[in-house]
Amino acid sequence: MVFNIQSPKQLGHVLFEKLQLPVQGKTAKAGGFSTDVKVLKKLSAFPQKTPGLVLRYRTLAKLKSTYLDALVRMADPDTERIHTSFNQTVAATGRLSSSNPNLQNIPIRGVEGREIRRGFIAEEGCVLLSADYSQVELRVLAHYSGDEPFTRAFERGEDIHSLTAGEILGVERGGVTPEMRRIAKAINFGIVYGMGPQKLSEEVGIGAKEARLYISSYYEKHKGVEEYKNEMIKMAREKGYVTTLLNRRRYLPDILHENRVIRAEAERMAVNTPIQGTAADLIKLAMIRIAGRLGKENFNSRMLLQVHDELVFEVVNGELDALKHMVREEMETVYPLKVPLKVDMGHGKNWGEAH
DNA sequence: ACAATGGTCC
DNA sequence: ACTCGGACCATTGTA
């Protein structure tokens, strides 16, 4: 059977009409057969080899076309370096975005993905330093909500996902398995943005009833989180916008829309934007201060990239200790919250090693 | 040139 | 119909 493996339309025909595999879903706009990674993973359980092979092909083709080919093509012939654009007025939450090329979505997962990241190498006589905020969005949530268990955990430097696992699964700390932690992590990230039991059960592979129990248990333990959500939705309804900690606004014209799907979407934005946007405010302010000190203190090292909660520096040999100290200081004390901000750092000859 | 689909990141 | 948010980009297929 000859077909274009890169055409979802042709692939759908092959999988679901020729091979008679069970249809897992339809595409949103045109109503064709869905063939995305989730579908193909399910189909991999059947004897037919095609789904697994297509998955593998997709992974490698993505890396080649979007990263290998494109990045090499975009290298400046003079400097032999890749220069991105950082856009300040694109993302509605106040985040930066990066384009031509986007250096904020360089692969890191998977063996081959990591290889791509290892292709970003420091100049001779330099190393790359990566400094990233640990759990910054959950810390911002703890700040806004005043949630007691989260606040206490961050003050004590505890693992927040393990804490959540212990709470909702009712086990002692120490009895939390990696699987339990994985579920708790999905809940921590999903719930605060309005994820429901349906999605949660899919996400972590548990029953819908179980998911419902976890969610109610979560809110039982974290009343502050529920209050925070209600407050943000109320603010959006009354003022027409929500704000971040440093007073960035996002207007939400659909917050009173008659269509509940559209209205619910606006409500999730009302909950998420102050968190994501505040995290963006914090790292931007830290960048300004770091840039100032790089100049004033005569560093030869340079700030290269921002990836939402991470800053990447090219560090001249001999400056590493001083730069790490300065960067940590500015990032962690940028704008004190009710909970501490924590920065993790790593360095190496390439960006993969720096993580 | 544009819509649809899919995939990469935080 | 049934819920996480925010981006950018490659490819196919149609206009």
Side-chain angles (χ1 to χ4, degrees), chain A residues 3-12 25-40 54-55 57-71 73-74 84-87 90-110 112-113 116-117 132-137 140-141 185-203 208 211 215 229 232 242 250 252 259-277 279-280 283 305-311 351 355:
Chain A
F3 72 104
N4 184 349
I5 190 174
Q6 300 209 112
S7 163
K9 195 177 172 191
Q10 293 183 38
L11 178 63
K26 294 299 183 70
T27 59
K29 317 269 174 169
F33 302 118
S34 176
T35 68
D36 63 19
V37 59
K38 215 160 150 191
V39 169
L40 293 181
V54 172
L55 271 176
Y57 177 87
R58 286 234 180 110
T59 299
L60 298 177
K62 176 72 176 180
L63 294 177
K64 181 172 189 297
S65 67
T66 305
Y67 300 103
L68 292 178
D69 295 344
L71 291 175
R73 197 174 345 112
M74 295 199 74
T84 185
S85 296
F86 281 108
N87 315 298
V90 171
T93 56
R95 274 187 173 184
L96 300 181
S97 78
S98 159
S99 56
N100 298 302
N102 180 0
L103 294 186
Q104 290 182 322
N105 73 342
I106 299 302
I108 189 166
R109 302 184 184 98
E112 295 87 1
I116 304 274
R117 195 162 280 228
D132 69 283
Y133 278 118
S134 167
Q135 315 278 24
V136 63
E137 293 196 354
V140 170
L141 173 64
K185 188 175 175 182
I187 293 177
N188 273 333
F189 283 122
I191 260 191
V192 296
Y193 304 136
M195 185 165 61
Q198 177 76 36
K199 187 75 181 177
L200 178 65
S201 65
E202 283 177 33
E203 195 76 18
I215 290 173
K229 294 174 70 166
M232 291 307 122
V242 291
R250 182 177 190 179
L252 295 168
N259 181 325
R260 46 187 279 210
V261 176
I262 295 173
R263 195 171 63 243
E265 196 178 337
E267 288 175 355
R268 290 195 298 272
M269 291 175 187
V271 171
N272 174 260
T273 294
I275 297 174
Q276 191 181 115
I283 195 167
L305 295 175
Q306 188 252 47
V307 192
H308 309 307
D309 64 356
E310 172 191 12
L311 297 177
W351 196 6
H355 264 274

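Residue numbers start from 1 in every chain, and the chains themselves are labelled A, B, ... in the order their sequence lines are given, proteins ahead of strands.
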**Q.** Distance in Å, A:Arg95 CZ paired with A:Ile283 CD1, rounded so as to fall on 0.5 Å steps
**A.**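 If we round to the nearest 0.5 Å, A:Arg95:CZ and A:Ile283:CD1 are 10.0 Å apart.
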(Q) As an exercise, state the distance from OG1 of A:Thr84 to CG of A:Asn100, rounded to the nearest 0.5 Å. (A)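 The distance works out to 7.0 Å.
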When all nucleic acid strands are considered with a 4.0 Å heavy-atom cut-off, which category describes [X]: base, sugar-phosphate, or nothing?
X	result
A:Asp132	nothing
A:Lys29	sugar-phosphate
A:Ala61	nothing
A:Glu137	nothing

Contact between [X] and [Y] at the side-chain level, heavy atoms closer than 4.5 Å - yes or no?
X	Y	answer
A:Val307	A:Leu103	no
A:Arg58	A:Val37	no
A:Trp351	A:Ile116	no

Q: Mind listing the residues from residues 96-108 of chain A sitting with a heavy atom below 4.0 Å of DNA chain B? Number order is fine.
A: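 Per residue number, the list reads A:Gln104, A:Asn105, A:Ile106, A:Pro107, A:Ile108.
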Q: Provide the distance between the two P atoms, one in B:dT5 and one in C:dC2, to the nearest whole Å.
A: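 These two P atoms come out 15 Å apart once rounded.
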Q. When the C1' atoms of B:dA3 and C:dC4 are considered, how many whole Å apart are they?
A.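 Roughly 26 Å separates the two C1' atoms.
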Q. So where does chain A start and stop touching DNA chain B, 5' to 3', when the test is distance under 4.0 Å to a non-hydrogen atom?
A.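 The protein-touched segment is B:dA4 to B:dC10.
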Q. Which atoms form the tightest heavy-atom contact between A:Ala280 and A:Gly94, and what is the distance?
A.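 For A:Ala280 and A:Gly94, the tightest heavy-atom pair comes out as CB-O, 3.6 Å.
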(Q) Please list, in numerical order, the residues of residues 263-276 of chain A that have a heavy atom closer than 4.0 Å to any atom of DNA chain C. (A)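 Contacts with DNA chain C under 4.0 Å: A:Arg268, A:Met269, A:Asn272, A:Gln276.
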